[in-house]
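Please find one structure pasted underneath; my questions will follow.
In listed order, ligands and their atoms are each counted from 1. Since the model is a prediction, treat every value here as computed from it, not as a measurement. FYI, side chains are in, hydrogens and waters are out, and symmetry mates aren't considered; it's all heavy atoms of this structure.
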Amino acid sequence: MWSLPKPRYTAQETYEAAISKVRDKNLHAVYRAATRTVAQASSGYAAAAEHGVAHALLEKDFAVKGVTRGQMISLYDSRMAHKRGPARYVYDAIRAAAPYNRCPLCGHRDVGTLDHVMPKTKFPALAVTPLNLVPSCHECNKRKGNQVAASAHTAAVHPYYDTFDNDRWLQATVVQQRPAAVRFFVEPPQHWAEADQARARHHFDSYGLGALYTAQAAQDLAHLGYRLERLANDSGPEGVRSYLVEEAESYRFARLNSWQTAMYTALGDSDWYWNGGFSM
Ligand SMILES: [Zn+2]
């Protein structure tokens, strides 16, 4: 759920690049005749996304007259995503926009592909539209599949249009057990629109982020135990607490809603944890 800058390539130039090397003259003419339709569909989609109503778009408005769904999908597969495809430079630019190659949907795994926000099987006119393509890890891409949101409350979080990262929405709590564990949950600020609060929760649940972050946290907590034991011996529980608070600040500075920020904030806030809860 990280924000990303919008790709700089337009739908029309990407489409024109993708069809530029179609050798079959008839097929090329078919594709070329659809250029305006694709550009218009893409503008309609961009306007809807800008207003947060892309989930209300109708599939029937995103078929491309004269071009089959398979032909549109093939443009993406063979001419944009393919290593030697003529529109591959746009694909590469979109992929490269993810900081540290981290997937913006889970904020954790490496980017391995592009995800169609509006699935290409249902919205073929947007198959090569840059604003409909976001960098994604394979797991998030698979989890999303061809789903289309049924309502504003389940609409996909969009890295080019949503600014969820301006506020803290990811929180964690320490589970008082041995070894200690951390549980993550979504708690957006009250000033968010109700639908956005629901979307953040839906995103967190449907992408399995709670389990992902808890598993990562367990690894870090196991490492942390030894270091904190030594800190506690040298400077007592207060030394442990300061260390955790400083780590939280440092992660917060890098990213407000990373699981590390949430985890260290929760650890620093937990009297139980820094008073010895960390020992294995
Ligand atoms: Zn991911």
Side-chain angles (χ1 to χ4, degrees), residues 1-7 49 52 54-55 76-77 80-81 83 88 90-123 126-149 153-172 182-188 196-220 251-252 254-264:
M1 289 164 69
W2 297 357
S3 302
L4 291 178
K6 292 189 181 78
H55 63 275
Y76 175 76
D77 289 342
M80 186 169 184
K83 278 239 176 323
R88 173 72 189 203
V90 181
Y91 178 100
D92 286 340
I94 295 172
R95 255 186 87 149
Y100 314 112
N101 200 38
R102 284 280 163 275
C103 167
L105 302 175
C106 61
H108 182 71
R109 290 178 288 249
D110 283 339
V111 169
T113 186
L114 296 186
D115 180 61
H116 286 81
V117 180
M118 309 300 278
K120 58 186 182 303
T121 50
K122 296 178 176 168
F123 296 81
L126 306 175
V128 300
T129 299
L131 284 170
N132 189 41
L133 291 164
V134 295
S136 162
C137 69
H138 287 294
E139 177 73 20
C140 286
N141 184 242
K142 205 168 71 193
R143 275 183 182 264
K144 169 131 172 308
N146 292 330
Q147 289 170 48
V148 177
H153 287 67
T154 55
V157 176
H158 202 313
Y160 302 145
Y161 294 98
D162 288 307
T163 53
F164 284 10
D165 249 4
N166 292 348
D167 296 301
R168 190 168 164 216
W169 55 262
L170 180 65
Q171 314 265 1
V182 173
R183 194 177 60 79
F184 294 84
F185 58 98
V186 175
E187 190 68 60
D196 283 344
Q197 297 193 28
R199 287 170 68 211
R201 292 199 171 90
H202 179 260
H203 179 93
F204 183 83
D205 292 343
S206 58
Y207 284 84
L209 300 187
L212 171 67
Y213 296 164
T214 290
Q216 296 305 316
Q219 285 181 32
D220 271 30
Y251 277 112
R252 192 175 307 125
R255 196 163 278 283
L256 190 56
N257 291 297
S258 68
W259 64 262
Q260 292 97 331
T261 302
M263 178 182 88
Y264 278 99

Can you tell me if an N/O/S atom from His108 lies under 2.8 Å from the Zn ion (ligand 1)?
->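 So His108 does not count as coordinating the Zn ion (ligand 1).
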With the Zn ion (ligand 1) at the centre, find the angle made by SG from Cys137 and SG from Cys140, to 10°.
->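 Taking the Zn ion (ligand 1) as the apex, I get 100° for this pair.
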To 10°, measure the SG(Cys103)-the Zn ion (ligand 1)-SG(Cys106) angle for me.
->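 It comes to 110°.
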Taking it one step at a time, do His116 and Tyr76 satisfy ring-ring contact (aromatic ring centres under 6.0 Å, His included)?
-> CA-CA 10 Å; His116 286 81; Tyr76 175 76; 4.4 Å; yes
Cationic N near anionic O, under 4.0 Å, Arg88 to Asp92 |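 Between Asp92 and Arg88 there is a salt bridge, with a charged N closer than 4.0 Å to a carboxylate O.
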From Met263 atom CE to Tyr251 atom OH, the distance as rounded to the nearest 0.5 Å |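 These two atoms lie 7.0 Å from each other.
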Measure the spacing between OH of Tyr91 and CG of Leu114 and express it to the nearest 0.5 Å.
->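 The OH atom of Tyr91 sits 4.5 Å away from the CG atom of Leu114.
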